[in-house]
Amino acid sequence: MISVDVPSSIRLVFENKKLLTIDFLVAAYVLTLRKKKINIYERLFYYILSLIDINEENESKVDKNEFQYHYFKIDKSLKDILIYLSNSELIELESNSGKNFSDVSLILTDRGKTVINELKGAYFIDLKEKIKVSSSIIKYKNKYYRKFVGEVYERNLYK
């Protein structure tokens with residue numbers, strides 16, 4: 001097998017953990033405007049829907065494969081992102097039972113809100129709007145998450 005070195009500029013496009021981390025924080029900000037704390041998987045659900053570019057006309061036509069692609073891409077980094085954001089005092093993590101990762105909720109701190117309010121780029125403004133739209137079109141329920149993610153969700157409940 002031949003080993004190919006991928007230029008860092010190309011790798012950044014596909015593996016940009018810093019951008020994924022700030023995207024996660026933006027999604028948490030938008031969703032915590034409605035309620036103080038939000039479940040990790042609910043936040044992930046709406047973030048992925050914003051990547052798919054959902055609207056009222058195609059609500060029932062969300063491509064399960066595309067959803068799963070984004071899920072796998074993000075899920076492998078999710079715990080690292082949460083630890084980083086928590087250690088940076090941008091979010092607080094709260095768990096009701098401590099047994100399942102799916103029981104973890106996050107609360108955006110004042111510091112996290114300040115960071116998000118200082119983001120003025122068109123990309124972040126657009127991301128905020130997409131998350132608002134996706135969260136107003138589809139209300140989060142575990143059944144939707146299971147529908148899109150399938151078996152993957154069931155396995156991650158018990159990690």
Side-chain angles (χ1 to χ4, degrees), residues 13 15-64 66-149 152-153 156-157 159:
V13 171
E15 297 177 8
N16 193 336
K17 234 180 189 176
K18 290 180 182 179
L19 182 61
L20 186 57
T21 300
I22 202 73
D23 285 355
F24 192 95
L25 194 61
V26 168
Y29 172 79
V30 171
L31 297 169
T32 55
L33 291 174
R34 292 184 318 202
K35 55 186 179 180
K36 185 177 177 180
K37 54 180 153 172
I38 186 162
N39 177 279
I40 299 290
Y41 285 110
E42 181 177 355
R43 200 236 43 95
L44 185 57
F45 177 79
Y46 287 123
Y47 174 64
I48 293 172
L49 287 179
S50 74
L51 296 174
I52 295 174
D53 200 25
I54 189 169
N55 58 48
E56 290 181 24
E57 291 83 41
N58 68 1
E59 168 192 350
S60 61
K61 298 179 182 174
V62 173
D63 182 5
K64 183 177 177 178
E66 186 177 3
F67 191 96
Q68 287 179 349
Y69 165 78
H70 290 295
Y71 176 85
F72 283 121
K73 186 176 173 185
I74 297 166
D75 188 55
K76 67 181 181 181
S77 305
L78 184 59
K79 290 178 183 173
D80 291 339
I81 290 169
L82 291 172
I83 290 168
Y84 173 78
L85 291 172
S86 180
N87 287 341
S88 299
E89 298 178 357
L90 299 171
I91 64 169
E92 292 176 10
L93 298 173
E94 186 177 283
S95 177
N96 295 336
S97 68
K99 293 180 182 178
N100 296 327
F101 185 64
S102 62
D103 293 333
V104 175
S105 295
L106 66 89
I107 301 167
L108 200 63
T109 64
D110 290 337
R111 185 173 182 207
K113 291 174 187 173
T114 301
V115 167
I116 296 304
N117 286 327
E118 291 175 358
L119 296 173
K120 303 296 182 203
Y123 170 81
F124 297 110
I125 292 168
D126 186 47
L127 179 62
K128 287 178 192 177
E129 188 57 34
K130 286 180 177 180
I131 293 167
K132 284 180 194 174
V133 168
S134 67
S135 67
S136 67
I137 293 172
I138 297 180
K139 298 299 176 203
Y140 176 81
K141 294 180 182 164
N142 278 340
K143 72 176 186 177
Y144 287 129
Y145 202 81
R146 286 187 193 108
K147 173 184 167 188
F148 295 131
V149 179
V152 176
Y153 175 77
N156 279 341
L157 278 178
K159 278 187 175 179

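Worth saying up front: this structure is predicted, and the values here are computed from it rather than measured.
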Inset, instruction - Check side-chain hydrogen bond (donor to acceptor under 3.5 Å, both in side chains) between Glu94 and all other residues, then give those that pass, not counting sequence neighbours. - result: Lys37
Inset, instruction - In sequence, state the C-alpha distance, the side-chain angles, and the governing distance for Ile40 and Leu93, and then conclude on side-chain contact (heavy atoms from CB on, under 4.5 Å). - result: CA-CA 9 Å; Ile40 299 290; Leu93 298 173; 4.3 Å; yes
Where do [X] and [Y] come nearest, in terms of heavy atoms and distance?
{"X": "Thr21", "Y": "Tyr84", "answer": "CG2-CD2, 3.7 Å"}
{"X": "Arg43", "Y": "Leu31", "answer": "CA-CD1, 3.7 Å"}
{"X": "Glu89", "Y": "Arg111", "answer": "O-CB, 3.6 Å"}
{"X": "Gly112", "Y": "Leu25", "answer": "O-CD2, 4.3 Å"}

Legend entry - Phe124 atom CZ, neighbour heavy-atom count above 12 within 6.0 Å: yes
How long is the span from the [atom1] atom in [X] to the [atom2] atom in [Y], to the nearest 0.5 Å?
{"X": "Asp126", "Y": "Ile131", "atom1": "CG", "atom2": "CD1", "answer": "10.0 Å"}
{"X": "Ser95", "Y": "Leu106", "atom1": "OG", "atom2": "CG", "answer": "12.5 Å"}
{"X": "Leu44", "Y": "His70", "atom1": "CG", "atom2": "NE2", "answer": "11.0 Å"}
{"X": "Ile91", "Y": "Leu108", "atom1": "CD1", "atom2": "CG", "answer": "8.0 Å"}

Check: [Y] and [X] side chains under 4.5 Å, non-hydrogen atoms:
{"X": "Asp110", "Y": "Lys113", "value": "yes"}
{"X": "Ile22", "Y": "Val115", "value": "yes"}
{"X": "Ile116", "Y": "Lys128", "value": "yes"}
{"X": "Leu51", "Y": "Ile74", "value": "yes"}

Legend entry - Exam field: side chain Ser134 to backbone Lys130, donor-acceptor pair closer than 3.5 Å: yes
Inset, instruction - Kindly say whether Tyr47 contributes a backbone atom to a donor-acceptor pair with the side chain of Ser50 at under 3.5 angstrom? - result: yes
Inset, instruction - Assess whether side-chain contact (heavy atoms from CB on, under 4.5 Å) is satisfied between Leu78 and Phe24, documenting all intermediate values. - result: CA-CA 9 Å; Leu78 184 59; Phe24 192 95; 3.2 Å; yes
Inset, instruction - Carefully, step by step, assess Ile107 and Thr32 under the rule side-chain contact (heavy atoms from CB on, under 4.5 Å). - result: CA-CA 7 Å; Ile107 301 167; Thr32 55; over 6 Å; no
Inset, instruction - Not counting sequence neighbours, list each pair that qualifies as a side-chain hydrogen bond (donor to acceptor under 3.5 Å, both in side chains) and has a residue in residues 115-124. - result: Asp23-Tyr123, Tyr29-Asn117
Inset, instruction - Using salt bridge (charged side-chain N to carboxylate O under 4.0 Å, His left out) as the criterion, list what pairs up with Lys36, not counting sequence neighbours. - result: none
